[in-house]
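This report concerns only the one structure given below.
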Amino acid sequence: MGEKIRVLLTEEEVDRKIEEIGKKISEDYEGKEIHLICILKGGIFFTCELAKRITVPVSLDFMSVSSYGAGTKSSGVVKIVKDLDEPLDGKDVIIVEDIIDSGRTLSYLIEILHKRNPKSIKLCTLLDKPERRVTDVKVDYVGFNIPDEFVVGYGLDYNQKYRNLPYIGVVEFN
């Protein structure tokens with residue numbers, strides 16, 4: 001079974017939206033320092049581009065959390081594959097995610113990170129599928145609300161393929 005990719009959001013649309021989010025975060029955190037937690041692997045493209053557009057001091061850390069495996073639907077089982085290197089005590093934290101659908105992973109992650117005593121935790125995602133939500137999770141910064149389709153590009157993958165596409169595309173199976 002093959003697949004083809006249909007463009008959903010162009011590189012230019014994604015770039016403009018990241019610029020907007022970076023400006024909003026910079027305004028919200030004026031005079032403060034923020035600690036971005038990039039959720040690997042998918043969040044790396046978005047996090048790097050976002051960090052470049054934030055004008056307040058930024059520190060970075062990385063976490064890998066899995067709930068998919070090799071399929072196209074969330075398994076509902078969340079596991080931490082790589083934990084943070086830095087403590088969160090007293091930090092203003094923004095979790096940066098590529099996409100949020102069911103909300104299970106982020107709900108679980110926020111609960112764990114709150115126990116590490118950050119000053120604040122906010123959530124930022126490039127893509128949101130609110131119609132797929134099964135767990136209530138507050139998303140503070142959203143790039144695009146998208147339909148319930150399987151998307152790739154800009155860090156998002158299908159079986160480790162297509163992460164390097166500079167746009168967001170929909171996987172269409174032949």
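This structure is a prediction, so every number in the text was calculated from the model and none was measured.
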#### Entry: Exercise: identify the closest heavy-atom pair between T125 and F46
C-CE2, 3.7 Å
### Shortest non-hydrogen contact from Y29 toward V56
O-CG1, 3.4 Å
### Query
More than 12 foreign heavy atoms under 6.0 Å from CG of D136: is that the case here?
no
#### Entry: Side-chain heavy-atom pair I94, I37 within 4.5 angstrom cut-off
no
### Heavy-atom closest pair, residues C124 and L50
SG-CD2, 3.9 Å
### Reported NZ-to-CD1 distance for the pair K23 and I25, which is rounded to 0.5 angstrom
13.5 Å
For residues 138-147, which side-chain donor-acceptor pairs fall under 3.5 Å, sequence neighbours excluded?
from: K138; atom 1: NZ; to: D140; atom 2: OD1; distance (Å): 2.5
from: D140; atom 1: OD2; to: L123; atom 2: N; distance (Å): 2.8
from: Y141; atom 1: OH; to: D28; atom 2: OD2; distance (Å): 2.6

### Message
Between L126 and I168, does the side chain to side chain contact (heavy atoms under 4.5 Å, CB included) criterion hold? Intermediate values first, please.
### Response
CA-CA 10 Å; L126 180 59; I168 303 296; 4.2 Å; yes
### Query
Between E13 and R16, is the closest basic N to carboxylate O distance under 4.0 Å?
no
### Task
Could you go through the side chain to side chain contact (heavy atoms under 4.5 Å, CB included) check for Y154 and I18 one step at a time?
CA-CA 12 Å; Y154 223 87; I18 295 171; 3.4 Å; yes
### Task
Could you walk me through whether K24 and I21 pass side chain to side chain contact (heavy atoms under 4.5 Å, CB included), step by step?
CA-CA 5 Å; K24 177 73 172 126; I21 296 169; 5.7 Å; no
### Residues E33, D92; criterion side chain to side chain contact (heavy atoms under 4.5 Å, CB included); working and verdict
CA-CA 7 Å; E33 183 175 316; D92 287 309; over 6 Å; no
### Task
Please step through salt bridge (charged side-chain N to carboxylate O under 4.0 Å, His left out) for the pair E86 and K91, ending with a clear verdict.
CA-CA 11 Å; E86 309 259 329; K91 293 181 180 178; 3.8 Å; yes
### Message
Looking at every non-hydrogen atom in both residues, tell me the closest pair between E3 and Y162 and how far apart they are.
### Response
OE2-OH, 2.7 Å
### Task
Mind listing the closest non-hydrogen atom pair of Y167 and L9 along with its distance?
CB-O, 3.2 Å
### Message
Show every side-chain hydrogen bond (donor to acceptor under 3.5 Å, both in side chains) that has at least one partner inside residues 53-65, sequence neighbours left out.
### Response
D15-R53, E19-R53, S26-T55, H35-S59, E49-R53
## Note on the structure
Across all chains, not counting sequence neighbours, the salt bridge (Lys or Arg N to Asp or Glu O under 4.0 Å) partners of K82 are D85
### Closest non-hydrogen atom pair between V151 and V170, with its separation
CG1-CG2, 4.1 Å
### Query
Are the side chains of R116 and L84 in touch, meaning some heavy atoms are under 4.5 Å apart?
yes
### Task
Would you mind listing every salt bridge (charged side-chain N to carboxylate O under 4.0 Å, His left out) that reaches into residues 118-129, with sequence neighbours excluded?
D128-R133, K129-D148
### Message
When you group the ILVMFWY residues by side-chain heavy-atom contacts below 4.5 Å and let the links chain together, are F150 and V134 in the same group?
### Response
no
### Query
Considering only heavy atoms from C-beta outward, does the side chain of E97 approach that of L106 to under 4.5 Å?
yes
### Query
Taking C-beta and beyond as the side chain, do I95 and I110 meet within less than 4.5 Å on heavy atoms?
yes
### Message
Tell me every residue that passes salt bridge (Lys or Arg N to Asp or Glu O under 4.0 Å) with E11, counting only those two or more places apart in sequence or in another chain.
### Response
none
### Query
Do Y158 and F173 make the cut of ring centroids closer than 6.0 angstrom?
yes
### Query
Does a side-chain heavy-atom distance below 4.5 Å link K41 with D157?
no
### Message
How about CD on E30, more than 12 heavy atoms from neighbouring residues, nucleotides or ligands closer than 6.0 Å, or not?
### Response
no
### Query
Can you find a heavy atom in the side chain of L127 that is under 4.5 Å from one in the side chain of D101?
no
### Task
For E149, enumerate each residue passing the salt bridge (Lys or Arg N to Asp or Glu O under 4.0 Å) test, keeping only those at least two apart in sequence or located in another chain.
R6
